[in-house]
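In the text below, chain A, chain B and the rest are named by the order of the sequence lines, each starting its count at 1. Computed from a prediction, not measured in an experiment: that's the story for all the values here. Side chains included, hydrogens not; waters and symmetry mates left out as well; all remaining heavy atoms used.
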There are 2 protein chains.
Amino acid sequence: MSLRHALLGLLDVAPMSGYTLLKQFDRSVAYVWQAPHSQIYPELRRMEADGLIVGHAEPRGSHATRRTYSITIAGRDELRRWVEEPTAAQPERDIAHLKATYFEFGSFENARNQFRAHMLSHEQLQRKWEAHVESLLNRSTVLLKLRLSTAPPGMHEPIVAYKVHVYQGLVQRAKDEVAWAKAGLELVDHLEATCAATPFTAQAAI
Amino acid sequence: MSLRHALLGLLDVAPMSGYTLLKQFDRSVAYVWQAPHSQIYPELRRMEADGLIVGHAEPRGSHATRRTYSITIAGRDELRRWVEEPTAAQPERDIAHLKATYFEFGSFENARNQFRAHMLSHEQLQRKWEAHVESLLNRSTVLLKLRLSTAPPGMHEPIVAYKVHVYQGLVQRAKDEVAWAKAGLELVDHLEATCAATPFTAQAAI
DNA sequence: ACAGCCATGTAAGTCGTTACATGATTGC
DNA sequence: GCAATCATGTAACGACTTACATGGCTGT
């Protein structure tokens with residue numbers, strides 16, 4: 001249940017409405033844990049039911065309401081408990097690598113397209129994460145400013161440093177993926193040059 | 001629906017019973033796409049219903065049966081279609097990095113433990129993947145031998161090379177994770193040395 | 001008036017996890 | 001006889017995706 005803790009982390013910075021939370025989420029934690037609004041709104045309701053947050057509704061227009069949530073003591077305890085809990089290893093589940101395992105079923109051109117797309121999307125991720133590292137180092141994001149404004153000065157360095165470390169790690173990871181895809185492109189060139197270019201069509205099937 | 005295609009890839013090598021499939025799965029594709037038997041058995045039934053594989057039941061003992069599945073032409077077509085289909089980017093969802101983002105909520109000792117555990121588990125993954133690269137290069141796995149024995153010789157190099165490339169990529173990734181965790185440990189040492197060691201306890205909560 | 005963003009939800013369906021359940025065969 | 005491994009499932013629940021649905025506010 002990581003979405004819950006991602007949200008608790010945000011609400012620990014400041015009380016927020018669902019929508020504001022959503023927007024802040026998209027420009028921070030979503031970089032490591034994505035979730036659509038259709039998952040977030042119901043989760044907030046469940047968290048309120050579990051006493052981790054409290055929401056109070058203000059009228060918005062004639063029919064609609066806006067709910068603003070604040071974290072509770074129980075919520076802070078839960079966040080802390082989760083941070084201190086041992087983290088289970090994530091099950092490996094990687095479509096790009098799975099598919100690459102089976103590239104012999106497609107053409108060389110397909111393998112090239114797949115590697116190229118992989119390269120492009122990870123170059124984009126790299127840029128996004130690099131920009132985030134920058135804004136963390138500048139302490140220029142809304143959320144970080146708010147967080148630092150209420151945290152004891154002695155905690156400022158850790159608060160920033162852990163996040164920077166995370167996003168630098170992701171930048172490195174993206175670079176690797178780009179390098180992997182590039183090496184893949186070279187591999188395809190090599191294979192195409194050395195192999196009889198007959199596409200793989202298999203034997204007897206029912 | 002990647003599980004389906006992972007299974008099709010195995011059944012393309014040779015017809016197999018559910019259990020054999022399970023075992024071969026665990027020592028090959030599961031390295032990039034994990035799934036428990038409780039997911040695999042029903043999926044095989046669905047694939048049969050969709051005409052991608054055919055199963056025939058043989059009696060086993062007095063009550064039980066063993067079902068052996070073979071891939072169909074439609075199954076091969078579907079596998080090929082999937083390989084040639086553009087691959088959507090995976091949503092980012094990484095508990096270890098999410099949690100590290102919030103390490104300021106725990107103690108320095110906790111951060112150290114988390115980084116250490118991360119390091120150990122990725123060192124293990126690295127060794128597992130390195131061993132797999134070795135056995136692919138030696139062409140010594142059961143599945144690969146079978147595959148090569150029925151594939152045209154001109155395809156042998158691509159079949160092996162794509163898989164080797166995938167697992168080498170994963171080895172590199174694991175090395176990065178280890179390096180990230182090590183840098184994390186150094187960061188914690190640095191933070192502990194430079195910061196007043198007051199654990200972060202936050203302000204007003206309801 | 002219309003576009004664009006603010007704002008909050010529901011519903012159906014798929015995918016994945018964890019636990020439960022059962023029986024067969026092989027070798028010691 | 002017992003343990004290990006072979007072998008195949010079901011059930012309940014939780015997480016996630018995709019699509020549908022509705023209405024408010026602000027500026028042009």
Side-chain angles (χ1 to χ4, degrees), chain A residues 1-7 10 15-27 29-30 32-50 53 55-69 82 87-95 98 142, chain B residues 1-7 10 15-27 29-30 32-50 53 55-69 82 87-95 98 142:
Chain A
M1 261 196 302
S2 298
L3 174 58
R4 166 165 297 206
H5 302 99
L7 296 173
L10 289 186
M16 272 180 260
S17 70
Y19 189 79
T20 311
L21 193 54
L22 216 78
K23 293 295 130 176
Q24 293 309 318
F25 187 88
D26 283 345
R27 51 184 62 239
V29 261
V32 286
W33 195 275
Q34 283 173 224
H37 78 275
S38 63
Q39 208 187 342
I40 291 176
Y41 284 116
E43 183 61 28
L44 288 169
R45 295 301 186 116
R46 277 189 294 266
M47 288 162 72
E48 189 173 13
D50 293 345
I53 60 180
H56 61 107
E58 311 144 41
R60 184 178 58 93
S62 41
H63 312 286
T65 57
R66 147 201 276 125
R67 298 184 68 77
T68 299
Y69 294 100
W82 173 76
T87 307
Q90 297 271 106
E92 216 57 50
R93 211 161 273 138
D94 182 325
I95 297 187
L98 172 61
V142 178
Chain B
M1 259 197 303
S2 298
L3 174 57
R4 168 165 297 206
H5 300 99
L7 295 173
L10 289 186
M16 273 181 261
S17 70
Y19 189 77
T20 312
L21 194 54
L22 215 77
K23 292 296 130 177
Q24 292 309 318
F25 186 88
D26 283 345
R27 52 182 62 241
V29 260
V32 286
W33 196 276
Q34 284 173 223
H37 78 275
S38 63
Q39 208 186 346
I40 290 177
Y41 284 115
E43 183 61 27
L44 288 169
R45 295 301 187 115
R46 277 191 293 268
M47 288 162 73
E48 189 174 12
D50 293 344
I53 60 180
H56 60 107
E58 311 144 40
R60 184 179 57 94
S62 42
H63 310 288
T65 55
R66 149 200 274 125
R67 296 185 69 78
T68 300
Y69 293 99
W82 174 75
T87 307
Q90 298 270 107
E92 215 57 49
R93 211 160 272 142
D94 183 324
I95 296 187
L98 172 62
V142 178

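Place A/Leu3 and B/Arg66 on DNA chain D by their nearest nucleotides, and B/Arg66 ends up nearer the 5' end.
Scanning for side chain to side chain donor-acceptor pair (under 3.5 Å) contacts around B/Thr87 gives A/Lys99, A/Gln114, with sequence neighbours left out. For A/Glu43, the side chain to side chain donor-acceptor pair (under 3.5 Å) test picks out A/Arg4, A/Arg46, with sequence neighbours left out. The ring-ring contact (aromatic ring centres under 6.0 Å, His included) test applied to B/Trp33 returns no partner, not counting sequence neighbours. Partners of B/Thr65 by side chain to side chain donor-acceptor pair (under 3.5 Å), not counting sequence neighbours: none found. For A/Arg27, there are no salt bridge (Lys or Arg N to Asp or Glu O under 4.0 Å) partners two or more places apart in sequence or in a different chain. Contacts of A/Arg66 classified as side chain to side chain donor-acceptor pair (under 3.5 Å), with partners at least two apart in sequence or in another chain: none. A/Gln90 meets the side chain to side chain contact (heavy atoms under 4.5 Å, CB included) test with B/Ile95; sequence neighbours excluded.
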query = Hey, mind stepping through A/Tyr19 and A/Lys23 against side chain to side chain contact (heavy atoms under 4.5 Å, CB included) and telling me if it holds?
reply = CA-CA 6 Å; A/Tyr19 189 79; A/Lys23 293 295 130 176; 3.5 Å; yes
request  = Determine, step by step, whether A/Thr68 and A/Glu58 satisfy the side chain to side chain contact (heavy atoms under 4.5 Å, CB included) criterion, reporting the C-alpha distance in whole Å, the side-chain angles of both residues, the deciding distance to 0.1 Å, and the verdict.
outcome  = CA-CA 8 Å; A/Thr68 299; A/Glu58 311 144 41; 3.0 Å; yes
task = Apply side chain to side chain contact (heavy atoms under 4.5 Å, CB included) to the pair B/Tyr69 and B/Leu10, showing each step before the final yes or no.
result = CA-CA 11 Å; B/Tyr69 293 99; B/Leu10 289 186; over 6 Å; no
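Here B/Ser38 lies in heavy-atom contact (under 4.0 Å) with a base. The residue A/Pro91 sits close only to the backbone: its heavy atoms come under 4.0 Å of sugar-phosphate atoms, none of a base.
Nearest heavy atoms, A/Ala57 versus A/Arg67: CB-NH1, 3.7 Å. What you find for B/Leu44 and B/Gly18 is that their closest heavy atoms are CD1-CA, 4.0 Å. The minimum heavy-atom distance between B/Gln34 and B/Phe25, with the atom names listed, is C-CE2, 4.3 Å. The shortest heavy-atom contact between B/Ile40 and B/Ala35 is CD1-O, 3.9 Å.
In the region residues 39-47 of chain B, proximity to DNA chain C at under 4.0 angstrom, judged on heavy atoms, holds for B/Gln39. The stretch residues 17-26 of chain A does not touch DNA chain D, since none of its heavy atoms comes less than 4.0 Å from the strand.
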Contacts under 3.5 Å, N or O only, protein and nucleotides 21-24 of chain D:
residue, atom, partner, partner atom, Å
D/dG23, N2, A/Arg60, NH1, 3.0
D/dG24, OP1, A/Ser62, OG, 3.2

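Remark: side-chain polar atoms of A/Glu48 are paired, donor with acceptor, to backbone N or O of A/Gly55 under 3.5 angstrom.
Distance CZ (B/Arg67) to P (D/dC6): 21 Å, rounded to an integer number of Å. Summarising the geometry, the separation between CD on B/Glu48 and C1' on D/dT8 is reported as 14 Å, rounded to the nearest angstrom.
You can see that DNA chain C meets the heavy atoms of chain A within a 4.0 Å-exclusive cut from C/dC6 to C/dT17, reading 5' to 3'.
Axis angle across the helix from C/dA1-D/dT28 to C/dC28-D/dG1, with five pairs used at each end and values rounded to 10°: 10°.
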